[in-house]
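Structure first, then comments.
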Number of protein chains: 2
Amino acid sequence: MPSTTPPAPAFRTLPEPAGLPEPLPEPAVEDLRLETVLGVLSDPLRLTIVRKLLLESEAFDHTCGWFGLDRPKSSLTHHFKALREAGVTRQRQYGLERRSHVRVADLEARFPGLLALVAAWTPDSN
Amino acid sequence: MPSTTPPAPAFRTLPEPAGLPEPLPEPAVEDLRLETVLGVLSDPLRLTIVRKLLLESEAFDHTCGWFGLDRPKSSLTHHFKALREAGVTRQRQYGLERRSHVRVADLEARFPGLLALVAAWTPDSN
DNA sequence: GACACAGTACGAACTAAGTCGAACTTAGCA
DNA sequence: TGCTAAGTTCGACTTAGTTCGTACTGTGTC
């Protein structure tokens, strides 16, 4: 065989900085529900958000604005809240900004392999 | 370590019998969409159906009645159709009966690991 | 204090999805 | 021929979710 594909890099996580604000209310790891997580990920905009966090993170967490999504702010609030309440992302308040990151370890523990599918997803056909 | 957990049994597939009727209309493997599949699996009843097919199949495919679901027939038709149109199950008409089975190979090819999550799912909490 | 800014909360309008009864279709069988 | 059973189709209703405008909250800055 000419070249072997690497095992599964998929995505990486950045180390958690010290002295972070408390996360906003979210479900505990053991309360994560597969049907809820799948439901919240069955939306292209939210898949885009999670995928971008997994593959293109430049920092530990990111504000809504960083994603460059062309939707009214109230719509974005709605989707980021849905992701957090399903347990897919964690949000922290930094002064004015509210930053999100994916709960990689928690999701891998409960639903191993799910995030790799999100990372491999592409918006358009295919 | 006392005992190593087996790699990933998860579920098995039964061989396809010869001379089956043509499958009902369904998306091709390359047309399977992650967001659609996740959406159709974000329902406890449909997760129950797919999980039961994966873990408790007694034959290659099964009728709606086999599942023992306590819902009106028109509701069941709706859910089985949703699963088929999302590409999760394949349905064939045998005389009066319409039997379903999971498209294991197709789903594993497109979304590896997804079915293992469904197989590991449990209806109530956790 | 006044302002700009990031984001939320609320609510209304709209859309998609679930639920299910009733009527229909079709195969098998007596 | 007519019954029965498996399942569909249709339509009405209900529920849940999306979208987004407007008003609001809280922080930092001048």
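Labels below follow one simple rule: chain letters A, B, ... track the order of the sequence lines, proteins then strands, and each chain is numbered from 1.
In this view, Arg98(A) and Gln93(A) satisfy the side chain to side chain donor-acceptor pair (under 3.5 Å) rule, not counting sequence neighbours. Looking at residues two or more places apart in sequence or on another chain, you find a side chain to side chain donor-acceptor pair (under 3.5 Å) between Glu97(B) and Arg99(B). Taking the side chain to side chain donor-acceptor pair (under 3.5 Å) definition, one finds that Ser100(A) meets it with Gln91(A), sequence neighbours left out. Residues passing the side-chain contact (heavy atoms from CB on, under 4.5 Å) test with Ala28(A), sequence neighbours excluded: Glu30(A), Asp31(A). The side chain to side chain donor-acceptor pair (under 3.5 Å) search around Glu35(B) returns Trp121(A), Arg33(B), not counting sequence neighbours. Contacts of Ala120(B) classified as side-chain contact (heavy atoms from CB on, under 4.5 Å), with partners at least two apart in sequence or in another chain: none. Every residue meeting the side-chain contact (heavy atoms from CB on, under 4.5 Å) condition with Glu58(A), not counting sequence neighbours, appears here in chain and number order: His62(A), Trp66(A).
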Polar-atom pairs under 3.5 Å, protein N or O versus N or O of nucleotides 26-30 of chain D: list them with distances, or write none.
none

Polar atom pairs (N or O), protein with nucleotides 18-24 of chain D, under 3.5 Å:
from: dT18(D); atom 1: OP1; to: Arg46(A); atom 2: NH1; distance (Å): 3.1
from: dT18(D); atom 1: OP1; to: Arg46(A); atom 2: NH2; distance (Å): 2.6
from: dT18(D); atom 1: OP2; to: His78(A); atom 2: NE2; distance (Å): 3.0
from: dT19(D); atom 1: OP2; to: His79(A); atom 2: NE2; distance (Å): 2.6
from: dG21(D); atom 1: N7; to: Ser74(A); atom 2: OG; distance (Å): 3.1
from: dG21(D); atom 1: O6; to: Ser74(A); atom 2: OG; distance (Å): 3.1

Pairs under 3.5 angstrom only: tabulate donor-acceptor contacts from the side chains of residues 70-79 of chain B to other protein residues two or more places apart or in another chain.
from: Thr77(B); atom 1: OG1; to: Lys73(B); atom 2: O; distance (Å): 3.1
from: His79(B); atom 1: ND1; to: Arg46(B); atom 2: NH1; distance (Å): 3.2

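Note on residues 93-114 of chain A: pairs passing ring pair (Phe, Tyr, Trp, His ring centres under 6.0 Å), not counting sequence neighbours, are Phe60(A)-His101(A).
First and last contacting nucleotides of DNA chain C toward chain B (any atom under 4.0 angstrom from a heavy atom, 5' to 3' order): dG18(C) to dA27(C).
As rounded to whole Å, 15 Å separates atom P of dA6(D) from atom CZ of Phe67(B).
The shortest distance between side-chain heavy atoms of Leu32(A) and Arg103(A) falls below 4.5 Å.
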